[in-house]
Amino acid sequence: MIYLDAVWLLNFLVDGMILIITQAVTKSYTTMRRIMLAALIASLIVPLTIFFSGSWIVTPLSKFAYSMVIILAAFPYKSISVFLRNLTSFYFVTFTIGGALFASHFFLSMNVQMSSPGMVTFSTGYGDPISWMFVIIGFPIAWWFTKQRLQRIAILKLKYEEIYDVVLEWNGKRAVSTGLVDSGNHLSDPLTNKLVFLGDEEVFQSFISEKEWSELKEVEESYDINLIPESLQEFIHFVPYKGASGERKLMLAIQLDKIELVSDDKKKISMHAPLLGLQFGRLTEDDSYHVLLHPEMMQKGKVA
């Protein structure tokens, strides 16, 4: 027995999830309003499939054209290459999510019928506890698992050991420098889960005075918080990390307002409120860069 409202709701949620993850993977600019509109359009495949099952509307070619309409609704059109990237990513995420949800349905012994670009589910009853268990529990689990896997794939797209132009903002001040993507930097603050970047003295010269820098150096050596300059006490964080020899240490860091870098294709990738660790000394002998960038910035940052 088919309950159209329940099937439509599930399809709408799944399509919305797919489009959100597509946006996260492609870093394409859009708004949540456009995502929800596109999810609504995509979910209309449910009544179309049911009421026009023998029509040309449900043929593979028309479904492909329908998915193009969905992408145009979800993301502003910029160029054919960007459009095709969004479309192919949409299908890749759809198949990935579909696999996870199909496995969930199989495990819960539910009847499921797949139809691109969405999914049509036929439950054994509107009040079936297994069907709603799937919506309430299986849906967020599939979303989390798929997003985590795709985020790890996105990290691999980084060009390690590349130097980028970097702009850092803190406390109303601005520093322009260069940064290196460090594939070995996976440091994050265990308390706030914020990514930790690293900046040397030249960067911090734009933010604090030489006297404050010297006082912070003493704090780093003694871990005496009483030596922290009064003007910086509300900004300083202590981040635990492992040294090269395996010993545990504490790194001094400040929370930036924003860090922004310019990628090879001239896109600006920014992250709000990351931590910038203090490097007492030069990061490189030739001064080619003064910031060590976290490799997950490309995946978690926002593209302008």
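All values below come from the heavy atoms of this structure, side chains included, with hydrogens, waters and symmetry mates left out. Positions are given from 1, in the same order as the sequence printed here. All of these numbers come straight from a predicted model, not from anything done at the bench.
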Matching residue for L276 among V196, V203, L195 - test: side-chain contact (heavy atoms from CB on, under 4.5 Å): V203

Results of salt bridge (Lys or Arg N to Asp or Glu O under 4.0 Å) for E202 - residues two or more places apart only: none

pair P274-K194: side-chain heavy atoms closer than 4.5 Å: no

CG/D165: more than 12 non-hydrogen atoms of other groups inside 6.0 Å: no

Hphob cluster co-occupancy, L250 + F204, side-chain heavy atoms under 4.5 angstrom: yes

Exercise: identify the closest heavy-atom pair between G16 and I35: O-CG2, 4.2 Å

Gap separating the CG atom of L187 from the CG atom of L292, nearest 0.5 angstrom: 11.0 Å

Spacing of I18 atom CD1 and Q23 atom CD [to the nearest 0.5 Å]: 15.0 Å

Within one Ile-Leu-Val-Met-Phe-Trp-Tyr cluster: F64 and F75, side-chain cutoff 4.5 Å: yes

From L275 atom CG to T192 atom OG1, the distance as rounded to the nearest 0.5 Å: 5.0 Å

K268 (side chain) donor-acceptor with E260 (main chain) under 3.5 angstrom: no

CE-CZ distance between M271 and F197, expressed to the nearest 0.5 angstrom: 5.0 Å

Spacing of CG belonging to L256 relative to CD belonging to E169, to within rounding of 0.5 Å: 9.5 Å

Residue pair I254 / H237, side-chain heavy-atom distance below 4.5 Å: no

Residues Y91, S67; criterion side-chain hydrogen bond (donor to acceptor under 3.5 Å, both in side chains); working and verdict: CA-CA 9 Å; Y91 271 99; S67 64; 2.8 Å; yes

Whether H294 and H186 hold their rings parallel, tilted or perpendicular, with breakpoints at 30° and 60°: perpendicular

Flag, side chain of D257 to backbone of N171, donor-acceptor distance under 3.5 Å: yes

Neighbour count above 12 (heavy atom, 6.0 Å) for E221 CD: yes

Hydrophobic cluster membership, I21 vs L84, 4.5 Å side-chain cutoff: yes

Among L252, L232, D224, side-chain contact (heavy atoms from CB on, under 4.5 Å) partner for V219: L252

Over all atoms of both residues, closest heavy-atom pair of H290 and S177: CB-OG, 3.4 Å

pair L198-L283: side-chain heavy atoms closer than 4.5 Å: yes

CA sep, side-chain torsions, deciding dist, call: I236, L216, side chain to side chain contact (heavy atoms under 4.5 Å, CB included): CA-CA 10 Å; I236 293 297; L216 289 176; 4.0 Å; yes

Salt-bridge present (K211, E215; N to O < 4.0 Å): yes

hydrophobic_cluster_shared for I225 and F235, side chain cutoff 4.5 Å: yes

same_hphob_cluster(V82, F90) at 4.5 Å side-chain heavy-atom cutoff: no

Under 3.5 Å donor-acceptor, S270 side chain and I259 backbone: no

F280 side, atom CZ; E218 side, atom CD - distance, nearest 0.5 Å: 10.0 Å

R85 side-chain N/O to I80 backbone N/O, donor-acceptor pair under 3.5 Å: no

Over 12 foreign heavy atoms within 6.0 Å of CD, Q233: yes

Side-chain (T30) to main-chain (A74) donor-acceptor, under 3.5 angstrom: yes

Side-chain heavy-atom pair E201, L278 within 4.5 angstrom cut-off: no

Over 12 foreign heavy atoms within 6.0 Å of CZ, R174: no

Side chains of Q255 and W170 in contact at under 4.5 Å (non-hydrogen atoms): no

pair L19-I70: side-chain heavy atoms closer than 4.5 Å: yes

L72 vs F83, side chain to side chain contact (heavy atoms under 4.5 Å, CB included): CA-CA, chis, key distance, verdict: CA-CA 8 Å; L72 289 173; F83 170 76; 3.7 Å; yes

L61, CG: over 12 other non-hydrogen atoms inside 6.0 angstrom: no

Heavy-atom check, side chain of T178 versus side chain of S288, under 4.5 Å: no

Step-by-step side-chain hydrogen bond (donor to acceptor under 3.5 Å, both in side chains) determination, S89 to N86: CA-CA 5 Å; S89 298; N86 292 337; 5.7 Å; no

Residue pair M36, F12: steps toward the side chain to side chain contact (heavy atoms under 4.5 Å, CB included) verdict: CA-CA 9 Å; M36 292 298 101; F12 175 76; 4.0 Å; yes

Aromatic plane relationship, Y223 with F238 - under 30° parallel, 30 to 60° tilted, over 60° perpendicular: perpendicular

Closest non-hydrogen atom pair between V239 and A253, with its separation: CG2-CB, 4.2 Å

Donor-acceptor contact below 3.5 Å, side chain Y241 vs main chain D189: no

Full working for side chain to side chain contact (heavy atoms under 4.5 Å, CB included) between Y66 and I41: CA-CA 9 Å; Y66 196 75; I41 294 173; 3.8 Å; yes

Any T284 side-chain heavy atom under 4.5 Å of Y289 side chain: yes

